[in-house]
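By convention here, the first residue in the shown sequence is residue 1.
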Amino acid sequence: MTDIRELLLSRIRDVADYPEPGVMFKDITPLLADPAAFTALTDTLAEIAGRTGATKVVGLEARGFILGAPVAVRAGLGFIPVRKAGKLPGATLSQAYDLEYGSAEIEVHAEDLGGNDRILIVDDVLATGGTAEASIRLIHRAGAEIAGVAVLMELGFLGGRARLEPALDGAPLEALLQV
């Protein structure tokens with residue numbers, strides 16, 4: 001796992017003062033542009049999906065779509081997008097949650113998840129954990145079980161893991177990189 005961590009870290013670019021002064025943004029676009037690194041990331045996340053017994057992969061808007069869809073294909077699983085409110089046609093379940101400055105709402109198609117599903121949530125970064133926690137609640141409300149959460153990077157200083165662990169109820173939270 002050390003080799004993949006080194007590969008992934010070498011393809012993540014730091015962008016100072018973005019999107020505002022004092023923030024060090026972690027840009028994953030160089031990783032996505034490198035087929036070897038992107039394949040290694042996809043394969044590693046697909047292995048996690050297999051290990052957790054997931055039956056479907058949920059990707060969180062928007063970079064979770066970029067990572068989650070190829071993971072689902074590689075693992076031979078279905079892919080379910082969790083979108084911002086108002087982006088999905090048809091019957092949806094929605095979940096509101098608080099942000100640092102305001103609130104947001106996410107949705108999923110109600111018929112895409114069921115009682116026999118074990119869901120692996122995939123995203124690029126775990127920061128404060130608000131969106132991931134809301135998605136866990138949404139998945140539970142749809143009647144599905146959480147197999148785990150897998151992210152490329154965890155920004156540990158923001159406390160997302162501590163926020164998610166009660167909602168995960170023992171399901172694993174795997175971060176390939178801790179920043």
Side-chain angles (χ1 to χ4, degrees), residues 1-9 11-12 26 28 31-32 37-83 93 95 97-99 104 106-109 112-179:
M1 188 65 124
T2 300
D3 290 341
I4 186 156
R5 286 188 176 118
E6 290 174 10
L7 173 62
L8 297 176
L9 274 173
R11 302 303 189 273
I12 296 171
K26 300 293 186 183
I28 68 167
L31 187 156
L32 300 174
F38 194 19
T39 298
L41 172 60
T42 300
D43 288 348
T44 302
L45 292 173
E47 289 170 14
I48 292 169
R51 228 179 20 251
T52 62
T55 60
K56 292 181 180 168
V57 172
V58 157
L60 305 181
E61 189 163 332
R63 289 180 298 250
F65 298 172
I66 296 168
L67 302 183
V71 167
V73 169
R74 181 75 171 105
L77 305 174
F79 176 76
I80 311 296
V82 169
R83 303 282 324 259
L93 288 174
Q95 180 68 48
Y97 63 102
D98 291 329
L99 299 169
I106 54 174
E107 294 180 333
V108 68
H109 275 135
D112 290 343
L113 297 169
N116 294 326
D117 288 320
R118 289 184 44 80
I119 306 302
L120 177 68
I121 299 168
V122 172
D123 206 1
D124 65 329
V125 174
L126 174 62
T128 63
T131 306
E133 181 184 38
S135 69
I136 290 169
R137 289 185 180 159
L138 189 60
I139 290 162
H140 281 150
R141 287 183 45 228
E145 184 181 341
I146 302 298
V149 174
V151 296
L152 169 58
M153 281 182 284
E154 177 181 354
L155 306 179
F157 62 94
L158 292 175
R161 181 175 292 269
R163 180 177 185 168
L164 282 188
E165 283 179 340
L168 283 168
D169 195 30
L173 167 55
E174 298 199 37
L176 303 183
L177 303 173
Q178 307 248 333
V179 181

Q: Checking Ala37 now: which residues fulfil side chain to side chain contact (heavy atoms under 4.5 Å, CB included) with it, not counting sequence neighbours?
A: Leu7, Arg11, Leu31, Asp34

Q: If you compare all heavy atoms of Ala40 against all heavy atoms of Ile4, which two are closest, and at what distance to 0.1 Å?
A: O-CD1, 3.3 Å

Q: If I compare all heavy atoms of Leu32 with all of Phe38, which pair ends up nearest, and what's the gap?
A: CD2-CE1, 3.6 Å

Q: If you round to the nearest 0.5 Å, how far is CD1 of Ile121 from CD1 of Ile136?
A: 4.5 Å

Q: Does anything in residues 125-138 pair up under salt bridge (Lys or Arg N to Asp or Glu O under 4.0 Å), and if so which pairs, sequence neighbours excluded?
A: Glu133-Arg137, Glu133-Arg163

Q: How long is the gap from NE2 on His140 to CG on Leu93, to the nearest 0.5 Å?
A: 13.5 Å

Q: Could you note down all residue pairs passing side-chain hydrogen bond (donor to acceptor under 3.5 Å, both in side chains) where residues 121-130 supplies at least one of them, sequence neighbours left out?
A: Arg63-Asp124

Q: Looking at Leu126, Leu173, Val122, which hits side chain to side chain contact (heavy atoms under 4.5 Å, CB included) with Val149?
A: Leu173

Q: Where do Gly129 and Leu164 come nearest, in terms of heavy atoms and distance?
A: O-CD2, 3.7 Å

Q: I need the minimum non-hydrogen distance between Ala132 and Ser135, along with the two atoms involved.
A: O-OG, 2.7 Å

Q: Restricting to side chain to side chain contact (heavy atoms under 4.5 Å, CB included), what partner residues turn up for Gln178, sequence neighbours left out?
A: Glu154, Arg161, Ala175

Q: Taking salt bridge (Lys or Arg N to Asp or Glu O under 4.0 Å) as the definition, give me every residue that meets it alongside Glu107, ordered by chain and number, with sequence neighbours left out.
A: none

Q: With rounding to the nearest 0.5 angstrom, report the CG to CD distance, Leu177 to Glu6.
A: 11.0 Å

Q: Under the salt bridge (Lys or Arg N to Asp or Glu O under 4.0 Å) rule, collect the residues that match up with Arg51, sequence neighbours excluded.
A: Glu174

Q: Going by the rule side chain to side chain donor-acceptor pair (under 3.5 Å), which residues pair with Asp117 if we only count those two or more places apart in sequence or in a different chain?
A: Thr55, Lys56

Q: Check side chain to side chain donor-acceptor pair (under 3.5 Å) between Thr131 and all other residues, then give those that pass, not counting sequence neighbours.
A: Tyr97

Q: Could you measure the distance from the NZ atom of Lys26 to the CG atom of Leu152? Nearest 0.5 Å is fine.
A: 11.0 Å

Q: Might you point out which heavy atoms bring Leu45 and Ala150 nearest each other, and give the distance in Å?
A: CD2-CB, 3.8 Å

Q: Side-chain donor-acceptor contacts of residues 68-83 below 3.5 Å, not counting sequence neighbours, with atom names and distances?
A:
residue, atom, partner, partner atom, Å
Arg74, NE, Asp43, OD1, 2.7
Arg83, NE, Glu61, OE1, 2.6

Q: Could you pull out the closest heavy-atom pair between Ala147 and Leu120, with the gap in Å?
A: CB-N, 4.3 Å

